[in-house]
Amino acid sequence: MKNILELTFKRLLLGFGTIIVISMLIFIGVEALPGDLAEAILGQDATPETVAAFRAELKLDLPPHVRYVEWLGNFLQGDLGNSLAGDRPIAEMIGWRFSNTFFLAAVSTVIAVPIALILGILAALYRNTAFDKTISIVTLSFISFPEFFIAYILIALFSVQFQFFPSIANIDDGMSLFEKLHSVLLPSLTLTMVVTAHMMRQTRASIINILSSEYIEMAKLKGLKRLRVIVVHAFPNSLSPVINVVALNLAYLVVGVVIVEVVFVYPGLGQLMVDSVAKRDIPVVQASGLIFAVTYVLLNLLADLLSIVTNPRQLNPR
Amino acid sequence: MARELKKLESLLASGKLSRREFIKKTTALGLAAAVSPALFYGTAKASGPIKGGFFRLGISNGDTTDSLDPAAITDDGDMVINWCLRNNLVEINHKGEPIPELATNWEASADLKTWVFKLRNGVEFHNGKTLDSEDVVYSIMHHLKADSKSAAKGILEPIKNIKADGKNQVIFTLESGSADFPYILSDKSLNIIPAGTTDFQDGMGTGGYTLVNFEPGVKAQFKRFPNYWKEGRSHFDEVEIMCISDLSARTNALRSGGVEAINACDYKTIGLFEKMPGIQSIISTGTRHYTYPMLTNTAPFDNNDVRLALKYAINREEILDSVFSGYGQVGNDHPIGPSQLFFASELPQRTYDPDKARFHMKKAGMQDHTFQLITSHGIGDVSVDSALLYKEHAKKAGIKIEVKKAPADGYWNDVWMKKPWVGCRWSGRPTADWMFSTAYASGANWNDSRWENARFNKLLVAARAELDIAKRREMYVEMQQIVRDDGGVITFVFPSDLHAASDKIKYKDLAGNTQLDGGRCCERWWFEG
């Protein structure tokens, strides 16, 4: 147990370092884009005079490192600052969008993880049969298509042809949970199709790997049924790599949904970030980027811890 | 054929073709049977607009940086949202004329320098306050503050002084006479807000809808303002404007019934909408135009023979037909649109003429030069596609053009007005004077060809203060001719604005001055009963 705590602490420190580095990379990246917010917002209408007024008000005339240090200091104190563009607190802009993104990820997880695990177990159970090959081909085909393609197919089918689900995943606080679920079903299905194959293949591979070990041989010799061997004996021991893959995919569901959010016009963090990059709203880009980074680091940490906890050999190393 | 019909229909809808002429032309083409009956009866027969319904509009423009501050209005998304909430002193009608809005009438002194605007009585803001002259002065001055970031600051420069004269009258004093001054007050930024407003996020105004919720870059929701002063406007019970920047998402939203109308449809696919049951296309042509400006103070474009050669080397008709699918009208190398008051219809249309192009290029001695034309998808794919076609047209005249694509980011700051020959897009201006003063007058901020012409500049000032309309017209025609024959801008097309909507949407006298029925579709359109 002491081991785990020590490890957690170490990993948290490392994660913190990673995040500082990422914040710098994001800042440099945004800084390297041509033009700034004043020019991006005024566009063709810009005159030198109005651009100068804009810059002075936004302190864009200060050197970049001064702005970076000031921003990072505020961020560490929990103050995300104001959006350059609308004068609105960033926390207010990001808060509900992040919970929207999280909601979409959660719904997709609830659909995708059981499907992937069950399909993986079944594929291992009926290894090398037509059934196994069919699910592999189907799920791998889905992962091979670009997300927007799957999204458009689903829209063409379920919202244009048969008007079951809206093509625009428009959700707000006034909706009931059922209405929200109805609204986000198509984007979650898209995401499900994208992430299932990876998790399913990993489950299948690690179970098959375990199936060649001696204690499984023993179980078979004892005359246990195949299903029982797999579910009770093989699956728990193959959890550790599976958990890693699941966590990676969950992280992807949170941070990698930009395209799906744009296609379904879903008011999530990804779309906010795209918008803010286009408008050079640096503090918003930095804040969203960092939130993504934190999510990624934390989920990976969680995955490592869980895979240690589920593996007695790693939990009590000699 | 269908394209021809569409063109005639849009001419009819914008009032440029009488019904009699329209019927004559369609009959001549053998198209009479294909004419949509809605064109004549659909709106006219209805017993007038009907109140009610929930109107959802999916718009292409809309960012998280949008704000309800009138001084922050920069694109058509802000414009549509602000015109739900607020009014101007002057409105532009479907014929492109200024009509009274919050002002009931206006008068100018003989030298056109002093303008007196009388305000409408008893107009109520959403919070119950009554509109008076202080509000108007405050609203205009809001854009003129020293640290103003407003896009309207430039157009208000001619104003020397504004003052309230009693509760119901405002007096504007201008630096020099301007016959078109009322047009300026119809600008999308010049909404009237209550005096003393510093926080604009409640959307307070005198408009047809009150604000329910505004989430920039996502959506804006409105409810009808029951005490709206304007009769026969603001018909929907509720309005929701959704920002859907992706064209396919907009299209899907309309097809699946998620919204009732969308803007900025694709020239290549709008034809498919027309075939879909339950969906109509709504097409208007206004002042928007695409150009290829050359810096006339930079070699080789300082030579007018080079400019003329390049103007003769572009096949406008073909570009209109293949890039814009025929939706729009060809340009004549000046920025005044065919729908505008002082459009010089008597000027011959410049056409594709490889021989003349070759002649002028030879005269300039530049036959072997390779001209670099820089454009960007940021202006619209059409600008790039047209440039690629243009390159082929020019090749037939022995002129070499190299088309270069620049990134959309920073295009307006780093390429436009900096590089010698680029692509550009103008939303246009309601009057000839405004357009010329913005982009063709000597020393104008956005004179994107750095063009100087003494005769033109003299005419521009003279026409501004000329009271006799026939004489003004003469001057504007001459100015269009000078720009066409000497200017540094290839104006090749005035494209249509393409919208699509559920066929339950009805409208009357579609305005073309900007997209979405002059930006006021939310208060002008209604649902069929």
Side-chain angles (χ1 to χ4, degrees), chain A residues 33-54 56-57 83-88 93 96-97 148 151-152 155-156 158-168 170 172 174 262-267 271-281 284, chain B residues 56 58 62-69 72 74-75 145-154 199 201 213 215-219 221 240 242-246 248-259 378-379 406-414 416-417 424-427 445-446 448:
Chain A
L33 290 169
D36 63 18
L37 177 104
E39 292 175 345
I41 286 199
L42 292 169
Q44 197 183 356
D45 293 336
T47 60
E49 209 185 311
T50 45
V51 168
F54 232 113
E57 186 183 311
S83 147
L84 286 184
D87 278 350
R88 304 195 315 151
M93 287 169 80
W96 73 284
R97 282 185 170 87
F148 62 85
Y152 285 140
I155 289 176
F158 293 113
S159 62
V160 175
Q161 199 63 34
F162 310 102
Q163 304 197 344
F164 294 150
F165 301 104
S167 74
I168 294 204
N170 182 7
D172 59 47
V262 170
V263 169
F264 287 98
V265 201
Y266 187 74
Q271 215 183 15
L272 176 71
M273 194 164 163
V274 170
D275 234 23
S276 307
V277 169
K279 289 289 180 195
R280 306 286 181 275
D281 200 340
V284 179
Chain B
R56 290 166 302 173
D63 308 287
T64 43
T65 53
D66 287 348
S67 153
L68 293 175
D69 178 356
T74 50
D75 64 31
K145 283 183 279 199
D147 60 348
S148 164
K149 302 172 283 184
S150 172
K153 195 174 185 181
D199 178 9
Q201 300 316 311
N213 178 31
E215 186 55 52
V218 181
K219 61 185 164 188
Q221 293 163 297
E240 182 169 317
M242 281 188 245
C243 304
I244 311 179
S245 52
D246 184 53
S248 318
R250 253 189 338 273
T251 306
N252 286 324
L254 178 67
R255 291 188 63 197
S256 61
V259 295
I379 313 175
D409 288 325
Y411 184 81
W412 297 117
N413 301 290
D414 304 332
W416 182 60
M417 298 191 42
C424 181
R425 164 199 69 196
W426 282 93
S427 58
N445 267 334
W446 294 305
D448 61 5

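Throughout, a chain's letter reflects where its sequence line sits, starting with A, and its residues are numbered from 1. Computed from a predicted model, the values in this text were never measured in an experiment.
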Colleague: Please look at B/M242 and chain A and tell me whether the side chain, the backbone, both or neither of the residue comes under 4.5 angstrom of a heavy atom of that chain.
Modeller: side chain

Colleague: Taking the six-membered ring for Trp, are A/F164 and A/F162 ring centroids under 6.0 Å apart?
Modeller: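 Between A/F162 and A/F164, which both carry aromatic rings, the centre distance is below 6.0 Å.
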
Colleague: Between B/V259, B/I244, B/D69, which has the largest tally of heavy atom pairs under 4.5 Å with chain A?
Modeller: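 With the most close heavy-atom pairs to chain A, the winner is B/I244.
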
Colleague: Which atoms of A/F148 come close to chain B, meaning under 4.5 Å heavy atom to heavy atom: side chain ones, backbone ones, both, or neither?
Modeller: neither

Colleague: Would you say the side chain of B/E215 lies within less than 4.5 Å of the side chain of A/R97, judging by non-hydrogen atoms?
Modeller: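 Side chain of A/R97 against side chain of B/E215, heavy atoms only: contact under 4.5 Å found.
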
Colleague: In the structure I gave you, are the side-chain heavy atoms of B/D448 and B/W426 within less than 4.5 Å of one another anywhere?
Modeller: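 Yes, at least one pair of side-chain atoms sits under 4.5 Å.
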
Colleague: I'd like to know if the side chain of B/N252 reaches the main chain of B/S248, judged simply by a donor and an acceptor atom lying under 3.5 Å from each other, with no hydrogens or angles considered.
Modeller: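 Indeed, once roles are kept as given, a pair shorter than 3.5 Å links the two residues.
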
